[in-house]
Amino acid sequence: MNDDSWRARKVVIVGAGAVGSTFAYALAQSGLADEIVLRDANPDLAMGQVLDLVHGQAFFPSVQIRQAQVEDYADARLIVITAGAKQRPGESRLELLQRNVKIIHGIMDEITLQKSPAVVLIVSNPVDILTYFAHQRSGWPRGRVIGSGTVLDSARFRHLLSQRCGVDVHNIHAYILGEHGDSEFAAWSMTNMAGMPLEQFCRGCAKCDDWQAARRQIMEEVRHSAYHIIDYKGATWFAVGLALTRIAAAILRNQHGVLTVSSVLEGEYGLTGVSLGIPCILSQKGVEKVLQVDLPPDEHNALLKSAAILREIIGQLEAVAAA
Ligand SMILES: NC(=O)c1ccc[n+]([C@@H]2O[C@H](COP(=O)([O-])OP(=O)(O)OC[C@H]3O[C@@H](n4cnc5c(N)ncnc54)[C@H](O)[C@@H]3O)[C@@H](O)[C@H]2O)c1
């Protein structure tokens, strides 16, 4: 039992759109939270989602669900930010980014004004960039302002390996690292099946004619997963809702789970001034430890490349803000 284990496990979700509401639904079913409060710039949407969810209370484990006030940040355990602006016609990527940084700054200011003790989890995209700016704005220890990183991408990776290798997804440890986006990469050196390194597992297996081509194909599929779903239905929300519930479990239950959340780096892997998906130990404090994995040179280089891409965008945004 830790000191404050008696306190309500209260989760504030900012942004009650597709991702925020699906997360609320998954979280309510999980029984992890005592209170789930929803906040949205569109209060009618937040109210509609709350009413729809509370009508399911008879079927959920006990949980309070209601619309949030700004004061709700003051005693929240976890604040999950899924709020984001959509691209306007004619708007450049950088302009959209500036608007989203502004949204995140505004929300972080409200949270810090309430002297919130919570861990803040950024989900809005581009998640690594927004995590970096949210952390900067907060002035908090880096462990308390984190992003969902490549937790979803790693789940997609495990699913594809499971299908290819014919092994239950739960027996596969595998991680996608770096940016949640195009420069992400598979840490093949860390992949294992039921405790066996991938090389050992694949020995004598005839499922792939050309294992290098198979690896490239799997990585491409992971990288393009979101684009495929967006082509079919416009956005993604189910798997991310579950990935967020997994992250919430590690924080609310102080589980010390290892997840590839986005964390601001302070010299790990030779990197600073950037936030990206890397294996971290997660507890009620947020990121307790960024794991320093001995990556082989090709994977370490891929991480540096991913960080450089993110740093360049951060630099552009900082230059615009300073002008
Ligand atoms: N990190 C991941 O793995 C991952 C996966 C899927 C989606 N996403 C991202 O999650 C975000 C949300 O996606 P969605 O499909 O739910 O979008 P959505 O448009 O359905 O919902 C976004 C909501 O944010 C609200 N909002 C905007 N500004 C706000 C503010 N200042 N305060 C409170 N609410 C505000 C909007 O009113 C809207 O309801 C997007 O940025 C999306 O790219 C991330």
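Both ligands and their constituent atoms are indexed starting at 1 by order of listing. Quick caveat, the model's predicted, so the values are computed rather than measured. Values below: every heavy atom of this structure, side chains too, minus hydrogens, waters and symmetry copies.
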Chemist: Kindly indicate, with the supporting measurements, whether the criterion salt bridge (charged side-chain N to carboxylate O under 4.0 Å, His left out) is fulfilled by Glu95 and Arg88.
Modeler: CA-CA 10 Å; Glu95 284 164 342; Arg88 291 173 179 150; over 6 Å; no
Chemist: Closest non-hydrogen protein atom to atom 18 (P) of ligand 1, residue and atom name please, with distance?
Modeler: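 Heavy-atom neighbour on the protein nearest atom 18 (P) of ligand 1: Lys86 NZ, 3.7 Å.
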Chemist: Short list, please: which atoms of ligand 1 are under 4.0 Å from a heavy atom of Ile103?
Modeler: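 The list of qualifying atoms is 28 (N), 31 (N).
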Chemist: Just going by heavy-atom distances, which of Gly17, Gly15, Ala85, Ala243 is nearest to atom 21 (O) of ligand 1?
Modeler: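 Nearest option to atom 21 (O) of ligand 1, by heavy atoms: Gly17.
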Chemist: Would you say the side chain of Leu96 lies within less than 4.5 Å of the side chain of Leu94, judging by non-hydrogen atoms?
Modeler: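 They are not in contact (no side-chain heavy atoms under 4.5 Å apart), so the answer is no.
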Chemist: Do Gln64 and Ile36 have side chains that approach each other closer than 4.5 Å (heavy atoms only, starting at C-beta)?
Modeler: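 The answer is no, as the side chains (C-beta and beyond) never meet within the 4.5 Å cut-off.
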Chemist: Please work out, at 4.0 Å between heavy atoms, whether the side chain, the backbone, both, or neither of Val123 comes within that distance of ligand 1.
Modeler: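 Under 4.0 Å from ligand 1, Val123 contributes backbone and side-chain atoms.
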Chemist: Would you mind running through ligand 1 and noting each atom that sits below 4.0 Å from a heavy atom of Leu45?
Modeler: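 Near Leu45, meaning under 4.0 Å from one of its heavy atoms, ligand 1 has 39 (O).
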Chemist: Could you say whether the N/O atoms of Val19 and ligand 1 ever approach to under 3.5 Å?
Modeler: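 Such a contact does occur with ligand 1.
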Chemist: Is it the case that ligand 1 has an N or O less than 3.5 angstrom from some N or O of Asn125?
Modeler: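 Min N/O separation from ligand 1 is below 3.5 Å for Asn125.
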Chemist: Any N or O of Thr82 that comes nearer than 3.5 Å to an N or O of ligand 1?
Modeler: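 Thr82 vs ligand 1: no N/O contact under 3.5 Å.
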Chemist: As an exercise, identify every atom of ligand 1 less than 4.0 angstrom from a heavy atom of Ala83.
Modeler: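 In order of number, 24 (O), 26 (N), 29 (C), 33 (C), 34 (N), 35 (C).
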Chemist: Does Glu312, at its CD atom, have more than 12 non-hydrogen atoms belonging to other residues, nucleotides or ligands within less than 6.0 Å?
Modeler: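 No, because the 6.0 Å sphere around CD of Glu312 holds 12 heavy atoms or fewer from other groups.
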Chemist: Which residue and non-hydrogen atom of the protein lie closest to atom 2 (C) of ligand 1, and at what distance in Å?
Modeler: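 It is His180 NE2, 3.5 Å.
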Chemist: Can you report which non-hydrogen protein atom sits closest to atom 39 (O) of ligand 1, along with the distance?
Modeler: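 Atom 39 (O) of ligand 1 sits closest to the protein heavy atom Asp40 OD2, 2.7 Å.
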Chemist: What I want to know is whether Ala41 and ligand 1 share at least one N or O pair that is separated by under 3.5 angstrom.
Modeler: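 Looking only at distances, the answer is yes, because the N/O contact criterion of under 3.5 Å is met.
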Chemist: Under a 4.0 angstrom heavy-atom cut-off, which atoms of ligand 1 come close to Leu152?
Modeler: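 Counting from 1, the qualifying ligand atoms are 3 (O).
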Chemist: As an exercise, identify every atom of ligand 1 less than 4.0 angstrom from a heavy atom of Ser124.
Modeler: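 Those atoms are 10 (O), 11 (C), 41 (O).
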Chemist: With respect to Arg39, determine whether any N or O atom, backbone or side chain, lies less than 3.5 Å from an N or O atom of ligand 1.
Modeler: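 Between Arg39 and ligand 1, no N or O pair is found under 3.5 Å apart.
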